[in-house]
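Below you will find the structure I want to go over with you.
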Amino acid sequence: MRVVLLVLLIWTWTSSALVRIPLRRMPSIRTQLRADGLLPEFLTDHRPDMFNRRYAQCFPPGTPSLRLGRSSEKLYNFMDAQYYGEITLGTPEQNFSVVFDTGSADLWVPSSYCVSQACALHRRFRAFESTSFHQDGRMFGIHYGSGHLLGVMARDTLKVGGLTVLNQEFGESVYEPGATFAMARFDGVLGMGYPSLAEILGNPVFDNMLAQKTVDEPVFSFYISRTSSSNPEGELLLGGTDQALYTGPINWLPVTAKGYWQIKMDSVAVQGVSSFCPRGCQAIVDTGTSLIAGPTNDILSLQQLIGATPTNIGEFLIDCVRLSSLPHVTFVLGGTEYTLTAEHYIRREMLGDKELCFSGFQAVDIVSPEGPLWILGDVFLTEFYSIFDRGQDQPLPFPGSRQD
């Protein structure tokens, strides 16, 4: 499988550890909804809000905080194909599964005092059982396109892989309304964006790792796979990169705005002809978004070019028989072309004995001071090994091809 390596850079660092965190892939939300009896007749469902807005929309259009130039909103499409791993909090250790998300900067897990159904279905942090717990008392709120949560801030010992982070600020959620978090397979989120993105005051996890000198280098990298049969399904490497997971040169791209891992994208082309943002545009490299997203007008045109047709629940379907004849979609980053075939940008799902093919592109309008933003989510990152380097104030690198 071919791969791109994205590297994001800031600071120069030396230290002592290289840690691997295995990542598991969640099942598709469509599969889970059908298994729960909530989506029995997919193609005849007349409830567009059930999937499109509550579960699939990464980002609400016209977010006020972004109109003001503050990158504080978080980008999520939790339920389609998210990757999560294990951490512990407290003394003695309490285990939690979290999404390692480059599109946010906060760490939060459910609190034992949470009153929502979502918390009852997940592991909850029991502050009164931890001897290293420090109460903060301040409240916080995080608003996602697919839901929101409220909680209180705290500090405690965090362990990620073999690394220990002392006095890590995190949020204990006490209110998680709606079905979004209830259906998630993970307990919380560990943000890996820049500190300016955080809603919870204090250093994000990776910044504390740098400050406490627990990693060899100011670098982390992701390997994620599309199939659950792959071994590993995914891996987060803290403190460096694994050259065995990719081949070819690394294409280093500078970070253009330190909030999200934001880079300049030269253009997007379909079969090398139809081009979007031909004069360049901004893109976010985001492990917390499942699909590839872009401005509505561009994505609707792209859907037409690949032959995708809309359904009554906001999804775009493609005839599976036509996959071999569909055009390639190429993203040009730093002068290097990264091409996705239909096998890469189409998501396959089974409905009984029938296979459905869904487009991996999604319309999301994000206004920023630098112009409309694209999101390079998991559909892109499963094909390219991604490296995030906080060492030299540049962003992601993409290497030539990934080793599977």
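What's counted below: heavy atoms across the whole structure, side chains too, no hydrogens, waters or symmetry copies. Since the structure is predicted, the reported quantities are computational estimates derived from the model, not experimental observations.
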For S112, side chain to side chain donor-acceptor pair (under 3.5 Å) partners two or more places apart | none
Please check if the side chain of T241 supplies one atom and the backbone of Q243 the other of a donor-acceptor pair under 3.5 Å.
-> no
Does any pair with a residue in residues 150-172 pass ring-ring contact (aromatic ring centres under 6.0 Å, His included), and if so which ones, sequence neighbours excluded?
-> F125-F170
Exceeds 12 heavy-atom contacts within 6.0 angstrom, atom CD of Q117 = no
Does any pair with a residue in residues 112-136 pass salt bridge (Lys or Arg N to Asp or Glu O under 4.0 Å), and if so which ones, sequence neighbours excluded?
-> E86-R123, R123-D187, R126-E129, D136-R138
For the pair T289 (side chain) and L291 (backbone), establish whether a donor and an acceptor sit closer than 3.5 Å, ignoring hydrogens and angles.
-> no
Mark yes when over 12 heavy atoms from residues, nucleotides or ligands other than F133 sit less than 6.0 Å from its CZ; otherwise mark no.
-> yes
Between E370 and T256, do the side chains contain an N or O donor and an N or O acceptor separated by less than 3.5 Å?
-> no
When the aromatic ring centroids of Y338 and F331 are compared, is their separation below 6.0 Å?
-> no
How are the rings of F186 and Y84 set to each other: parallel, tilted or perpendicular (split at 30° and 60°)?
-> tilted
Should H134 and N167 be marked as a side-chain contact (heavy atoms from CB on, under 4.5 Å) after you check the CA-CA gap, both sets of side-chain angles, and the distance that decides it?
-> CA-CA 8 Å; H134 297 279; N167 291 315; 3.4 Å; yes
Residue list, side chain to side chain contact (heavy atoms under 4.5 Å, CB included) with T157, at least two apart or on another chain = T91, S132, T164, L166
Of all the heavy-atom pairs spanning D207 and P195, show the shortest one and how long it is.
-> OD2-CG, 3.4 Å
Go through the structure and list residues passing side chain to side chain contact (heavy atoms under 4.5 Å, CB included) with P295, not counting sequence neighbours.
-> D298, D365, P372, W374
Test of ring centre spacing under 6.0 Å for W108 and F181 | yes
Is a side-chain N or O of Y246 found less than 3.5 angstrom from the main chain of S386, in a donor-acceptor match?
-> no
How many angstroms lie between CD1 in I375 and CZ in F380, if you round to the nearest 0.5 Å?
-> 13.5 Å
So which heavy atom on F140 is nearest to which on E172, and how close?
-> CE2-N, 3.8 Å
Side chain to side chain donor-acceptor pair (under 3.5 Å) partners of D242, counting only residues at least two apart = R20
Output all residues satisfying side chain to side chain contact (heavy atoms under 4.5 Å, CB included) with V332, sequence neighbours left out; order by chain, then residue number.
-> D266, S267, T330, E337
Residues which pass side chain to side chain donor-acceptor pair (under 3.5 Å) with T309, listed by chain and number, not counting sequence neighbours = none
Can you list the residues that meet the side chain to side chain contact (heavy atoms under 4.5 Å, CB included) rule with A269, with sequence neighbours excluded?
-> none
Can you say whether the rings of W261 and Y194 are parallel (under 30°), tilted (30 to 60°) or perpendicular (over 60°)?
-> tilted
CA sep, side-chain torsions, deciding dist, call: E176, S173, side chain to side chain donor-acceptor pair (under 3.5 Å) = CA-CA 7 Å; E176 299 178 18; S173 69; 2.4 Å; yes
Crowding at CG, N297 (>12 non-hydrogen neighbours, <6.0 Å) = no
For F100, check ring-ring contact (aromatic ring centres under 6.0 Å, His included) against everything at least two apart and list the hits.
-> none
Applied to residues 149-160, the salt bridge (Lys or Arg N to Asp or Glu O under 4.0 Å) test, sequence neighbours excluded, yields E93-K159
Taking atom CG of D286 and atom CG of D378, what is their separation to the nearest 0.5 Å?
-> 8.0 Å
For E343, what residues pass the side chain to side chain donor-acceptor pair (under 3.5 Å) criterion, not counting sequence neighbours?
-> R348
